[in-house]
Amino acid sequence: MAIKRKWNYLCFDALFCTVFSFIVSGILYLFVVNLSILDPFERAFTDFSFTDIYHSKILDKRVSNDIIIVNIKHEDRYQIAKAIDMVSSHNPKVIGLDIIFKDLKNSYYDSILKGSFSNRDNLVFSFYYDGDNKIENHPYFRLNDYNEGFINVELENQNSVIRDFVGFRNDSFSFASKIAMASGYSGEKNVKNILQSRIPINYFGNLDSFLTFDIEEILSSNTIPALNNAIVLFGYLGTPTGNPYDIEDKHFTPLNEKFVGRSTPDMHGVVIQANIIKMLIQENFIKKIPNFISFTIAFVLCFFITLLGFRLKKKNELVYDLTIKFLQLIISILLLYAAIKLIESNVYIYITPILILSLVGLGMIGYYTHLLNFLNKRFKWKSQFLDS
Amino acid sequence: MEKSIFRFLIFILIIQCGFSQDSLCVYRFEGDILLKSPQSTKPISKGDIVTKEYILNLFPKSQITAIDKEGNIFKRDQEGLCDFNTLLLSKFEGKTSSLTTKYFKFIWDELLNRENTETKIAGVFRGDALMSTPEDQSFITGKTIEFNWKESDKGVYYFYLQNLKTNELFQTETENSFITFDTKNSFFSNDTEYKWTVTTEEFPNLKNIPYNFFSIVDSKQFSELKKEHKSLIKDLKKLGVSETEINSVLCDTYKLCAF
């Protein structure tokens, strides 16, 4: 009976310590991270995710030939038109143009380009929203049955690293959604249902994971059988292709070799679109566990870890002091492993609060002890932990 | 008896699964490879589809990487004829480590602080490079290849030449300001990129000195590259410039050099 009562008191201590940890963490987050004077901390943490380790260091290299990317480099509209004609002659499923022809340039080249667009019902064009403005192809190129999708990748609270995307907004579909629909893989209703809200991009890979051609290769080839029935995207992949120092239309993604700290952007826009399309056509979505579940798990885990800490400290304070850092390291490694294992199964959990609160819980035991002593002296507060 | 039949059936099933692929797409290739079908023979190119009726002929120092619809990779670099089924047996398994192994290896490396200590310099290379010809980003064809560089007071030069395909490195010491090779030497092959440098330091940091890059091409590829300048060649001929001088202009200005 006495043991059971002691155990109950210890559980109460662990519970109060957990609540105490949450309150302290909340105050620290409010003042340290959110204050404008300390804004760099918030900016640094916004771009960081522990699970980027999976994409950056662990993800196996994969290759696909159902989506083919043509690098347009800095070729003129005539070359692009000829390349579209050449690709079209191979009956691809869809040709997506991640290029915007905003103005008219040369009447001869523009008319040839327009000719390449006409009588082709498998072309998907792109546009983007710049605030309230819509930046799109010049009306000269907008023929009947014009199919276009937005290529915006910026989202609220998504600073530099492109993790999530929205497939349908402002009554418009995204470029990737349009291509998935035009190639017959997804229906409009399906896209609207799933993609109206923000979803994580299940990245397939970078440039090396897709079959790519330079525009010169397209123009100089007689036949490229792989183009038949493929989704072909025209976009910019650097000059020369894959040039790591060419950062035009290059963005940060979780696949960046440096998952924390400063680095150069790692993925061209058209490759991001290819990744989203790949995810849509395979319906290989990442299930995101709601944040409130993450925080609930954080609370429960913090409680049990704190309980373990109390038991250790009660048994032998020296052993506790010697092993607490080691324990925190082991816990963080195991929690991150669990999160990465979930990502491998296409389940994303917001691991940060679970990780941080579990570690804070252990660290707060010492401060909680001082609080208990104070409460005991002032209010005769009972605690199994203080009673020897 | 039943066990043997069962095992035999499983074996057949596995073989069937392995050979149920009906086509592979050429993802990448190096060197010279021919694609033979009953109707024709042609050099392989990226994006070609290889099916059961095709036979590949891999020439020395060539390699093919093909992919199937599931994204499996098939690699082969053995010289000789190779049919579709043989190519299927060349599945590239890649690194077989599980996620657990990779993750804990990563953690271990992080704990031991085993980062890449890449040399970083806050500058670029200008001047001080002794190399003259072949210039950077040249295309070379011919029976011989001659490397020339500026003379230095030190009088002794250390020449380095690397085959970027095989990573073979050739180095030598000389007191001359040039060196010539026969391109029939096995170190050289068509459609291959090389880099070369020369320095007066006996033990230079090879990662921190400038290089000139060049490619060796066969006469057919060279002719194709020359076609881009046909209007210039035509104009020079009209002016009475000799063939040798035209070649010299192409080499000096457009880095197309025939020896």
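Each chain gets a letter, A, B and so on, in the order its sequence line appears, and its residues count up from 1. The structure displayed is predicted, hence computed values, not measured ones.
Looking at heavy atoms from C-beta onward, A:I58 lies in side-chain contact with B:Y103 at the 4.5 angstrom threshold. With a 4.5 Å cut-off on side-chain heavy atoms, A:D208 and B:R28 count as touching.
The shortest non-hydrogen separation linking B:D48 to A:P225 is OD1-CD, 3.5 Å. Contact between A:V63 and B:I67 at its shortest, heavy atoms only, is CG1-CD1, 3.6 Å. In terms of heavy atoms, B:G47 sits closest to A:I224 at CA-CG2, 3.9 Å. B:K46 and A:F213 get closest at one heavy-atom pair: O-CE2, 3.4 Å.
In this structure, chain A has a heavy atom under 4.5 Å from the side chain of B:F106, while its backbone stays farther away. Residue A:L227 does not touch chain B at all, counting heavy-atom pairs closer than 4.5 Å. Using a 4.5 Å cut-off between heavy atoms, B:T65 does not touch chain A at all. The part of A:S209 that comes within reach of chain B is its backbone (N, CA, C, O), which places non-hydrogen atoms under 4.5 angstrom from that chain. For B:I49, the parts sitting under 4.5 Å from any heavy atom of chain A are the backbone and the side chain alike.
In terms of the side chain to side chain donor-acceptor pair (under 3.5 Å) criterion, A:S332 has no residue partners (sequence neighbours excluded).
Interface summary for chain B: among A:L336, A:N228, A:I340, the most heavy-atom pairs under 4.5 angstrom belong to A:L336.
For the atom pair B:I107 CD1 and A:I53 CD1, the distance stands at 6.0 Å (nearest 0.5 Å).
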